[in-house]
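In what follows, a structure is listed as structure tokens, so that the remarks can point back to it.
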Amino acid sequence: MADLTCELLGHRLKNPVVLASGILGTSATLLRRAVDAGAGAVTAKSCGPTPRAGHPNPVTVDWGHGVLNAIGLSNPGAAEEVHLLAEARHLLDEVGAVLIASVFAGTPDEFAEVAAIVATARPHILEVNISCPNVRDEFGTPFAASGESAALVTQAVRKAVDLPIAVKLAPNVPDIGRIAAAVVEAGADAITAINTMPGMIIDAEAARPVLSNRVGGISGPALKPIALRCVAEVRRAVKVPIIGTGGVNNGRDAAEMLLAGATAVGVGTAVWYGGVSALGRIAAELEGWMDREGYATLDAMRGLALR
Amino acid sequence: MADLTCELLGHRLKNPVVLASGILGTSATLLRRAVDAGAGAVTAKSCGPTPRAGHPNPVTVDWGHGVLNAIGLSNPGAAEEVHLLAEARHLLDEVGAVLIASVFAGTPDEFAEVAAIVATARPHILEVNISCPNVRDEFGTPFAASGESAALVTQAVRKAVDLPIAVKLAPNVPDIGRIAAAVVEAGADAITAINTMPGMIIDAEAARPVLSNRVGGISGPALKPIALRCVAEVRRAVKVPIIGTGGVNNGRDAAEMLLAGATAVGVGTAVWYGGVSALGRIAAELEGWMDREGYATLDAMRGLALR
Amino acid sequence: MHRALRLTEVRVENYRTRSFVFEDGLACQPGQFVMAWLPGVGEKPFSIAASNPLTLMVVAVGPVSEAFHQLQVGQRVWVRGPLGQGFRLKGRRALLAGGGYGVAPLLFLAQQARQQGMDVDVCIGARTAADVLLTEAFERLGVGVHVTTEDGSLGQTGLVTAATGKLIETLRPDALYACGPVRMLEALEKQARQAGVDCQLSWEAHMRCGMGLCGSCEMPASEGRLPGWLACLDGPVWRSDES
Amino acid sequence: MHRALRLTEVRVENYRTRSFVFEDGLACQPGQFVMAWLPGVGEKPFSIAASNPLTLMVVAVGPVSEAFHQLQVGQRVWVRGPLGQGFRLKGRRALLAGGGYGVAPLLFLAQQARQQGMDVDVCIGARTAADVLLTEAFERLGVGVHVTTEDGSLGQTGLVTAATGKLIETLRPDALYACGPVRMLEALEKQARQAGVDCQLSWEAHMRCGMGLCGSCEMPASEGRLPGWLACLDGPVWRSDES
Ligand SMILES: Cc1cc2nc3c(=O)[nH]c(=O)nc-3n(C[C@H](O)[C@H](O)[C@H](O)COP(=O)(O)OP(=O)(O)OC[C@H]3O[C@@H](n4cnc5c(N)ncnc54)[C@H](O)[C@@H]3O)c2cc1C
Ligand SMILES: Cc1cc2nc3c(=O)[nH]c(=O)nc-3n(C[C@H](O)[C@H](O)[C@H](O)COP(=O)(O)OP(=O)(O)OC[C@H]3O[C@@H](n4cnc5c(N)ncnc54)[C@H](O)[C@@H]3O)c2cc1C
Ligand SMILES: Cc1cc2nc3c(=O)[nH]c(=O)nc-3n(C[C@H](O)[C@H](O)[C@H](O)COP(=O)(O)O)c2cc1C
Ligand SMILES: Cc1cc2nc3c(=O)[nH]c(=O)nc-3n(C[C@H](O)[C@H](O)[C@H](O)COP(=O)(O)O)c2cc1C
Ligand code: FES
Ligand code: FES
């Protein structure tokens with residue numbers, strides 16, 4: 001039986017499946033539910049400086065080859081998030097699972113402030129979301145668009161907290177490897193690759209974009225080859241752990257992500273296709289696949305497709 | 001019955017369906033076949049300064065939600081391409097269809113040279129492919145990655161030829177509207193949006209990328225929301241015609257592309273899903289859809305989803 | 001993806017409530033819902049009032065529901081679904097209880113129950129006679145109808161629980177099925193528990209994705225519901241026999 | 001996507017040719033092909049020699065085909081397909097003619113024809129006796145086998161057309177089906193046309209995508225074939241009755 005355990009930034013995960021940010025991460029009880037369903041680690045929904053209601057409906061649409069969403073970073077604000085995370089930490093400690101907090105903001109300084117507040121809840125890891133595609137009008141081009149702006153945010157957060165930090169990158173850049181190198185140089189301990197790809201679904205008969213925000217982020221099956229390519233490019237550019245995220249829907253997809261060089265595997269949209277239990281199913285399928293293919297550990301397969 | 005005719009850079013197309021570059025555009029006879037199958041205009045395969053064999057097999061894979069390809073810009077070189085295009089022009093004139101040539105190169109000067117050579121065959125339109133994702137190792141980051149480099153190529157080609165030029169943009173940039181504005185400022189008469197999105201498909205059991213080039217370009221269904229979003233953003237940024245390309249597989253998809261602001265509709269991978277006759281079928285379906293929805297002309301629906 | 005469905009009939013049910021009948025059917029279970037999108041207006045969840053042809057019943061209370069009331073026969077509504085978990089009929093004898101638009105899914109449930117030859121009674125609660133909905137439709141199905149109004153202008157005076165309390169005793173139903181305001185459901189749940197009768201309750205929550213992703217429809221844990229219960233994914237119907 | 005299929009049998013057919021039998025079947029028609037990928041080596045088209053279990057016959061002539069010959073039972077080959085248009089049996093009497101690996105799809109075709117109760121004869125052409133392939137396999141199907149070798153070391157001396165010319169006259173087949181080198185197919189096409197017999201010819205072309213996208217397998221127009229004919233999409237089998 002393959003050993004699924006996985007070392008991530010000093011923490012031991014029972015398996016490499018990480019609930020991705022923005023999926024069911026809006027409460028301590030939902031984070032615990034994801035762990036009970038089989039995730040090795042869970043990421044809370046991204047939180048910003050102040051409460052946001054998000055965009056009006058429609059905020060999601062399944063367009064046949066994936067999901068498009070523009071939730072609009074709904075969140076209770078950093079102060080309230082501290083309670084949510086502290087409670088989550090409590091519920092997760094009961095079962096030995098790893099908690100990843102996620103933050104976003106409008107300026108590097110604000111990133112540092114939010115990070116410092118959120119860090120008081122002592123999540124195990126802090127994810128820095130510089131890549132949400134849904135709020136660009138409000139915050140200008142996302143920070144993930146250039147190495148320089150990505151590094152500025154990373155530095156600011158690095159100084160503000162003593163937690164390990166993972167910086168979450170965007171796929172809509174010409175060279176993600178360069179951006180990964182810049183944020184690692186600036187102090188990132190890990191990379192999460194990738195956030196959703198900006199897209200638009202138009203309903204022909206309505207003659208309108210479906211989402212109220214018009215533009216949203218593509219996740220699910222359509223994102224997988226983009227994510228695999230980004231993970232491979234990040235793997236070649238930097239040595240830090242990667243949480244490979246995008247389009248993982250079964251154990252074989254998870255294997256591909258690990259073969260591309262991921263340390264752990266983020267899972268989001270699979271929860272729509274298969275319910276919350278998809279998290280545990282993916283881990284179980286990965287184990288079965290490794291047994292069949294003769295891999296005893298994750299290390300044995302990690303990055304193998306890049307040889 | 002809806003009027004499908006379409007004005008593109010001074011030329012009248014019988015319908016807005018344009019065979020995309022790289023699909024069946026390797027000979028005059030295949031270009032003619034695409035017209036006979038129903039395309040209003042056809043684009044030749046991109047041609048560079050010298051002959052290229054392209055990458056070894058596998059060069060394409062259908063991964064379930066689209067196609068990934070890294071043909072590697074196989075082409076006979078500019079000198080030979082002139083004969084191909086001249087013969088194509090001859091075969092297309094017989095049936096009154098529009099011929100679009102396509103060029104790529106490694107430097108702005110080389111772009112100008114190739115364009116000047118190819119222009120001697122008198123294609124109706126010249127497409128400038130600054131966005132092929134499959135040859136980046138050889139030519140560095142694609143020119144489509146920044147407004148500056150994209151504008152340099154555009155200026156060089158603009159000076160070299162007196163044909164209308166369409167510049168073909170890439171989706172893996174943070175802000176495609178800005179790049180469109182830069183190339184239009186530099187003299188582009190039209191924008192083709194978009195080329196494929198860079199991706200990687202890994203075969204888990206093989207523990208390798210499927211394509212010999214490892215990385216390839218995503219086309220087909222998975223590309224559609226990316227293309228619609230890019231077309232909408234380009235439409236907001238510039239006034240020139242757009243050849244909206246990416247994931248169009250039926251008449252309703254074509255309608256969505258027009259509603260997003262496209263002037264004409266590029267079609268490539270649909271030829272795999274439905275054979276060469278997909279070109280004519282898409283035009284016929286578009287007509288049927290327009291009749292049902294009460295649009296008399298393409299103008300009546302163009303850009304409507306952006307209101 | 002949404003399907004654009006044309007309206008073939010708009011029925012006035014009361015002063016602020018209309019039923020909308022579509023051209024097509026939708027394979028679904030009573031208690032499931034759809035997200036209905038009116039382009040340019042918004043998208044909201046609506047219980048399915050009949051599956052073939054698809055029928056929704058909408059109370060005009062705000063932007064989306066009022067825009068619904070502007071729709072004419074021939075116009076289209078964009079629908080995705082069916083979503084969520086519906087009711088599951090059990091036994092031979094069903095007691096239904098609804099308030100407000102909650103009677104819509106119960107009508108669909110009653111239809112299915114009667115088709116299976118079950119005995120069905122429904123308690124319809126409302127503020128006043130003008131708010132009472134669908135009594136005739138239930139009667140046409142051969143369902144026993146018991147109306148309560150708070151002001152006594154129709155049927156028994158009081159809340160719906162006044163009627164259900166008695167009927168649970170006299171009919172001994174195999175289960176109680178209910179949809180309506182939170183307060184009503186809470187009272188019914190207590191009543192059913194005390195009487196030792198299974199109950200299936202359809203909860204309303206703030207829904208955004210409707211896909212079990214965004215977390216906005218999480219319900220507070222209760223005696224019955226587990227922590228992290230999502231109305232769009234695990235519900236809207238909660239069954240006392242599933243916990 | 002490719003399917004990774006395990007080998008259950010490797011049969012030596014002659015000094016440079018082996019048949020590879022896989023664990024699984026593939027629903028397909030004789031004359032269709034698959035793209036077979038050996039990771040780290042390359043991907044090439046191969047005609048289907050049998051569909052259930054899937055069988056390919058490979059002549060070792062270069063990198064991919066030689067890597068095939070290194071494969072052992074239990075190892076895997078990555079296959080996508082079936083691709084292209086195959087043969088379509090017509091009438092009661094079939095004449096087959098093949099050279100080199102071309103006999104592989106003809107064996108599959110003969111099997112199908114015999115199952116349908118047709119009379120089948122096959123002409124197998126080769127340079128020398130050592131190159132002759134599959135005679136016993138055809139005989140086991142009850143097919144009349146006619147061998148020609150250029151050096152006369154087996155069967156009739158000469159090219160395959162020597163045999164087919166006579167058999168077209170004596171058997172009056174409803175169609176001639178052939179796969180082999182271009183020269184052979186051209187000669188056979190001429191022969192069939194002159195004799196007024198329908199023919200179906202499987203052409204070899206340089207294939208890259210195998211999906212009708214890249215244009216690399218375009219065949220020059222000929223008397224029969226239209227301009228822009230693609231071997232992977234319209235072929236590899238061309239039928240005289242389709243033009
Ligand atoms: C699972 C589910 C099923 C539903 N099924 C139906 C249905 O079948 N028919 C239906 O009409 N609605 C139904 N709803 C409610 C519906 O989704 C909307 O909330 C309602 O139509 C109001 O939306 P709006 O945009 O018009 O107004 P909003 O701006 O959302 O609401 C306006 C105001 O009315 C209040 N309100 C909301 N609903 C009601 C109500 N029913 N009665 C009185 N006040 C109300 C709100 O709290 C708010 O203060 C359902 C909701 C859920 C979660
Ligand atoms: C539709 C189609 C079906 C095919 N079916 C089969 C099949 O069933 N079995 C099979 O073995 N091959 C078949 N081929 C040929 C096969 O695809 C490869 O071309 C062949 O295996 C050589 O590939 P390679 O990489 O080993 O060597 P390459 O480097 O491609 O070729 C090495 C040299 O051998 C020559 N050559 C290629 N094929 C042959 C041959 N058959 N005999 C003699 N010389 C040759 C080439 O021209 C080249 O000079 C088919 C080709 C097509 C287009
Ligand atoms: C509904 C939804 C909401 C999301 N919200 C966030 C978010 O708040 N912060 C973030 O970093 N990523 C967010 N994401 C992106 C996911 O974390 C993940 O990167 C992406 O969905 C790709 O993974 P998947 O294909 O497994 O879903 C969201 C995705 C979805 C579908
Ligand atoms: C096999 C293949 C080859 C391609 N070659 C080229 C090319 O040479 N030049 C170019 O500009 N685009 C090329 N493209 C991109 C297409 O022109 C088009 O932009 C893309 O495929 C998206 O459209 P689709 O989804 O309709 O295929 C190629 C695409 C495919 C699938
Ligand atoms: S509405 Fe989003 S999880 Fe239920
Ligand atoms: S091999 Fe690409 S078109 Fe036939």
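Chain letters run A, B, ... following the sequence lines, proteins first, then strands; residues in each count from 1.
- Proximity to chain D (any heavy atom under 4.5 Å) is shown, for B/Leu31, by neither the backbone nor the side chain.
- Of the two parts of B/Val67, only the side chain, counted from C-beta on, holds a non-hydrogen atom closer than 4.5 Å to a non-hydrogen atom of chain D.
- Looking at heavy atoms from C-beta onward, D/Lys44 lies out of side-chain contact with D/Leu38 at the 4.5 angstrom threshold.
- Using a 4.5 Å cut-off between heavy atoms, D/Leu233 touches chain B through its side chain atoms alone.
- Separation of the D/Phe68 and D/Phe46 ring centroids falls under the 6.0 Å cut-off.
- Taking the side chain as every heavy atom from C-beta outward, B/Ile201 and D/Met1 approach each other to under 4.5 Å.
- Contact of D/Met35 with chain B is made through the side chain alone, with heavy-atom distances under 4.5 Å.
- For B/Asp203, the part sitting under 4.5 Å from any heavy atom of chain D is the side chain, from C-beta outward, and nothing else.
- Between D/Trp37 and D/Trp78, the ring-plane angle classifies as perpendicular under the 30° and 60° cut-offs.
- Counted by atom type alone, D/Thr161 and D/Gln191 present zero donor-acceptor pairs between their side chains at under 3.5 Å.
- Contact tally against chain D (heavy-atom pairs below 4.5 Å) for B/Val61, B/Thr26, B/Val210: the top residue is B/Val210.
- Of the residues considered (D/Gly210, D/Ala4, D/Cys214, D/Gly42), D/Cys214 shows the highest number of contacts with chain B, using heavy-atom pairs under 4.5 Å.
- At a cut-off of 3.5 Å, with distance as the only test, a side-chain donor of D/Gln112 or D/Gln29 sits close to an acceptor on the other residue.
- Heavy-atom distances place both the backbone and the side chain of B/Thr60 under 4.5 Å from chain D.
- Heavy-atom distances place the side chain of D/Arg80, and not its backbone, under 4.5 Å from chain B.
- Salt bridge D/Lys90/D/Asp241: present, at least one basic N to carboxylate O contact under 4.0 Å.
- Ranked by heavy-atom pairs under 4.5 Å with chain D, the first of B/Leu68, B/Ile23, B/Asp36 is B/Ile23.
- Heavy-atom distances place the side chain of D/Leu83, and not its backbone, under 4.5 Å from chain B.
- Within 6.0 Å of the CZ atom in B/Arg214, the count of heavy atoms belonging to other residues, nucleotides or ligands exceeds 12.
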